[in-house]
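Lettering of chains follows the sequences in order, A, B, ..., and the numbering in each one begins at 1.
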Number of protein chains: 2
Amino acid sequence: MTDQARVSHVGAGEDAAGTFQRMLAIAARLFWAKGYAATTTREIARLVGLQKGSLYHHIEGKEELLYRLCIDALERVQEAAEQSVHQGTDATDRLRRLIHHHVTSMLADRDKHATMLIELRSLTGERRSEVIRLRDRYEALVGEVIAEGQREGIFRADIEPRYLTLSLLNLLNWTIFWFDPERPLSPEALSQILSTVYIEGVSSLAGRADGWRQDRTKRAPG
Amino acid sequence: MTDQARVSHVGAGEDAAGTFQRMLAIAARLFWAKGYAATTTREIARLVGLQKGSLYHHIEGKEELLYRLCIDALERVQEAAEQSVHQGTDATDRLRRLIHHHVTSMLADRDKHATMLIELRSLTGERRSEVIRLRDRYEALVGEVIAEGQREGIFRADIEPRYLTLSLLNLLNWTIFWFDPERPLSPEALSQILSTVYIEGVSSLAGRADGWRQDRTKRAPG
DNA sequence: GTCTATAGTGGGATAGAC
DNA sequence: GTCTATCCCACTATAGAC
């Protein structure tokens, strides 16, 4: 309240964008913690420091908050990924960079990114279609790095690129459910672990030396 | 309705358990599709074929549905995993069996399992604690298979077992977000792909042959 | 740009007849 | 075990003053 009073005499209307961004951040936190439907506009207003009614000066409705934070999250990760793809020397290097940027970008913007991934189902109509479109575009970029690596002979070709890509997204995305910034594992360290597991697998070197090719044939469980 | 009439003269009250199970299955489908908070008891009642009020003969409240289907999902996957762990010949074999059972059990019971994973946040109090306890117990079992493999020298020891375990759960669990029973990829085929990626990694054999050890040191992206 | 007040809807759950 | 009827509450969103 006092903050708003202070800012308001700097210039009328200048704080609108800032207020909106704060609303987005707070909405993301609540949507992620309790779910979109279970989060009330009352609580968002309280945490932003406004009365319920005042929210509607900045937004059309609750769903716009969800929509805008999904767009924010996807634009950020898309930008990060595009950088990384244009830098690497070979497919493995590009993939490591991509994983690094995906993980750090996702965790730097954790609430928005998690909400985007989980609460897509709560969006409706054109807003929903657009978020899906952006998400698919991102996943296609990841798929390109994988497919390129296969063409270069650097990634295994005995699994369809589609499934190698989905495996990678599995490995990266579920992290949002357990990553805890309070624990002593940095996003950078985590991205190294995930890169290593994805690229090399978990078998020990000894295990790879003998019987490597033979083992490939007996993968099915009883 | 006709079903209920038919069953009801077999023995009064015998259909109660059956009705409850149908309620669970329908609730799971709706909770997964739209979220727990966004699903109304009215809609559950409509799909079950009862009036709203009649639901409360079988349940205390909406949250009980969520709680019971979480328990169902976790008990099923726990049972499947325990079987697989007692069968394998070595750690790799046990892990392949575990992955197979995790994936097939999860996808056979997709709505319940997905809801359990996503909507835990909507449970409160003791119910929530108990589901968390069961989930942690399951994850500990997975962790044991990994740690055992490390002690046997079959899995790599340069990554803490905790993170190898979380990597595996990442790789398996995110599948619920995209697996589509309509597509021509069976849960069995998927579990083979995920096993292979996790155990062997995505590098081609050529990539492993030369410079294998050296590559290990330069994992960090720019 | 924020306030107070309130409209209007739909939610979960209960009571009591059959 | 299911029905009808209803209570009570909390929600999103709007209206209009300042």
Query raised in the report: What distance separates Ser167(B) OG from Leu194(A) CG, expressed to the nearest 0.5 Å?
Result: 5.0 Å
Under the side chain to side chain donor-acceptor pair (under 3.5 Å) test, which residues partner [X], sequence neighbours left out?
X         : value
Gln21(B)  : none
Tyr67(B)  : Glu130(B)
Asn170(B) : Thr175(A), Trp178(A)

Report task. Using heavy atoms to find the nearest nucleotide of DNA chain D for His58(B) and Ser54(A) separately, return the residue whose nucleotide is more 5′. Result -> His58(B)
Taking [atom1] from [X] and [atom2] from [N], how many angstroms apart are they, rounded to a whole number?
X        : N      : atom1 : atom2 : answer
Leu55(B) : dT2(D) : CG    : P     : 10 Å
Met23(A) : dG1(C) : CE    : C1'   : 12 Å
Phe20(B) : dT2(D) : CZ    : P     : 13 Å

Report task. Kindly state each residue pair satisfying salt bridge (charged side-chain N to carboxylate O under 4.0 Å, His left out) with at least one member in residues 38-57 of chain B, sequence neighbours excluded. Result -> Lys34(B)-Glu43(B), Glu43(B)-Arg46(B)
Query raised in the report: For the side chain of Leu50(A), counting heavy atoms from C-beta on, which of dC3(C), dT2(D), dC3(D) is nearest?
Result: dC3(C)
**Report entry** All ring-ring contact (aromatic ring centres under 6.0 Å, His included) counterparts of Phe155(A), not counting sequence neighbours
**Finding:** none
Can you give me the N/O atom pairs linking the protein to nucleotides 10-13 of chain D at distances under 3.5 Å, or say none if there are none?
| from | atom 1 | to | atom 2 | distance (Å) |
| --- | --- | --- | --- | --- |
| dT12(D) | OP1 | Thr39(A) | O | 3.2 |
| dT12(D) | OP1 | Thr41(A) | N | 3.2 |
| dT12(D) | OP1 | Lys62(A) | NZ | 3.2 |
| dT12(D) | OP2 | Thr41(A) | N | 2.9 |
| dT12(D) | OP2 | Thr41(A) | OG1 | 2.8 |
| dA13(D) | OP2 | Tyr56(A) | OH | 2.9 |
| dA13(D) | OP2 | Lys62(A) | N | 2.9 |

